[in-house]
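Letters go in sequence order (proteins before strands), and every chain restarts at 1. Hydrogens, waters and symmetry mates play no part in the numbers below; they use all other heavy atoms, side chains included.
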Number of protein chains: 2
Amino acid sequence: MAKILVVDDDRELQENIVEVLAEAGFDVCAASNGEEALEQLATTAIDLVLLDSIMPGMNGMETLPQIKRAYPQAKIIMMTAFSTVDSAVEAMRKGADDFITKPFKIDEIIMAIRRSLEEAKFAACQEMLNMDDMFKCLANAIRRKILFLIKEEGRQRFMDIARKLEIDDHTKVNFHLKVLKEANLLEQDGRKAYQLTPQATKIVACLNSISEA
Amino acid sequence: MAKILVVDDDRELQENIVEVLAEAGFDVCAASNGEEALEQLATTAIDLVLLDSIMPGMNGMETLPQIKRAYPQAKIIMMTAFSTVDSAVEAMRKGADDFITKPFKIDEIIMAIRRSLEEAKFAACQEMLNMDDMFKCLANAIRRKILFLIKEEGRQRFMDIARKLEIDDHTKVNFHLKVLKEANLLEQDGRKAYQLTPQATKIVACLNSISEA
DNA sequence: CTAGGTTGAGAAGTTTTCTTCACAAAAATA
DNA sequence: TATTTTTGTGAAGAAAACTTCTCAACCTAG
């Protein structure tokens, strides 16, 4: 279930939107201005922000780039009663994913939300589908063994890896370590010991959870 | 944190073991006999069972094979005050992972637990390392796209898959679908529509979580 | 400093994987 | 029923991946 943050200083409109979106099946929370929005985002995983452009304190146009910078995965739909081509273009260039004019119809905002959430899902799938190097790496059994050896026993030096995996031909180990480095799954520290990259750590933990499920 | 179930009708000993294991950092729960143990296992993910062999009602030797059958991933350490070679061999043959004689020292039981849990972790890693077909499947981009298309849009017929992935050459699609079927990631229903196997569903969900983290 | 061990690189040979082609079988439609 | 469309098979060719070999650079120990 997608989590949506409604940011608007008009308390009545805000509550109206929250109620309607909740009825439409979304998990909704609210903030009255930019500062509150950033606070909410800091503690809650938000999928999409409905952001009013005119608010006292930090307004929508000022808040937008800050949210985009700190929470790039969150989709942002800018709402405004005073829309011009210039303000629309400015908002989109600052990172808004959509732009909607008040007063709007309910199904209009719901459709915009659904479209933006769909785009977010698509982007997440694309990112994973594009991890070609990583998938090609994991196709090879020796390389899987190397990753798990390092996960289980910590960083390893070249000949330790070869010995523990019982591979006599060091050049075979060298080839596979090179492939792992080029795929950004392994890196070397000051002593040339091999360790997992953050990405590899994530992947190995995830794959481990398949066996446990 | 490993979850341990202590099964013993001697209430004082049971509480003693629970307390000591909790202090050693384990998450512990208890049962007084075989029936209670099976009930607990039905509602809680247990990593390891400490199972007394002599209990009223369903005793340890009767409970052991039932646990092993229903919860094969759970490690079982059999405890007994009346140990003979025969009883030890019988317990191990029925699936116990270790066998320990009462009265035992605390560090003795903790060491046995640690050893068994380490073996469980090693077995989980081995299972995953051996999923060669699956990993080789995921190395190919077209096959990843097929899996995600079906995850996102539900079961698909042959030409629908080709059309949605914009692949003109149907024999290319056919080849990759065949590889996915042979790796037990895809199966066909009565109308020949392709759907994910339970295993594939698990894997795709897991890989999806990498992008979201 | 020298010799041996460790680590790494590049080329050639071998194996595996993928794509394409020709054809066939099954299902759907007119 | 005949024709068209959909789905599937196997072989050959092409591309990618892996293994082996030779050599080199660097590090360590005596």
Just how far, in rounded Å, is [atom2] of [N] from [atom1] of [X]?
| X | N | atom1 | atom2 | result |
| --- | --- | --- | --- | --- |
| A:Asp132 | C:dC18 | CG | P | 11 Å |
| A:Leu138 | D:dA17 | CG | P | 14 Å |
| B:Arg157 | D:dT7 | CZ | C1' | 9 Å |
| B:Leu177 | D:dG8 | CG | C1' | 11 Å |
| A:Asn174 | D:dA24 | CG | C1' | 12 Å |
| A:Met159 | D:dC26 | CE | C1' | 14 Å |
| B:Phe175 | D:dT9 | CZ | C1' | 12 Å |
| A:Ile142 | D:dA17 | CD1 | P | 16 Å |

Which of these nucleotides, [options], is closest to any side-chain atom of [X]?
| X | options | result |
| --- | --- | --- |
| B:Asp169 | D:dT19, C:dT20, D:dG8 | C:dT20 |
| A:Lys136 | C:dT19, D:dA17, D:dT20 | D:dA17 |
| A:Lys178 | D:dT6, C:dA9, D:dC18 | C:dA9 |
| A:Thr171 | C:dC21, D:dT22, C:dT7 | D:dT22 |

N/O (side chain, [X]) to phosphate O (OP1/OP2, [N]) under 4.0 Å:
| X | N | value |
| --- | --- | --- |
| B:Gln188 | D:dG8 | yes |
| A:Arg143 | D:dA17 | no |
| A:Tyr194 | C:dT6 | no |
| B:Lys172 | C:dT20 | yes |
| A:Asn140 | D:dA17 | no |
| B:His176 | C:dT19 | yes |

Strictly distance-based, threshold 3.5 Å: is any side-chain N or O of B:Thr44 a donor or acceptor partner for the main-chain N or O of B:Leu41?
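No, the answer is negative, given that no donor and acceptor are paired below the 3.5 Å cut-off.
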Set out, in order, the CA-CA distance, both residues' side-chain angles and the distance that settles side-chain contact (heavy atoms from CB on, under 4.5 Å) for B:Ile17 and B:Phe104, then state yes or no.
CA-CA 11 Å; B:Ile17 296 178; B:Phe104 43 69; 3.8 Å; yes
Strictly below 4.0 Å, N to O, side chains only: are B:Asp132 and A:Arg144 in salt-bridge contact?
yes
Knowing that exactly one of B:Lys164, B:Arg163, B:Arg157 qualifies, which makes a salt bridge (charged side-chain N to carboxylate O under 4.0 Å, His left out) with B:Asp160?
B:Arg163
Return the 5'-most residue of the pair B:Ala139, A:Lys181 with respect to DNA chain C, ranking by each residue's nearest nucleotide.
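The residue closer to the strand's 5' end, by nearest nucleotide, is A:Lys181.
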Is there aromatic stacking of B:His170 against D:dT7, centre distance under 5.5 Å, plane angle under 30°?
yes
For the atom pair CZ (B:Arg143) and CG (B:Leu177), what is the distance rounded to the nearest 0.5 Å?
10.0 Å
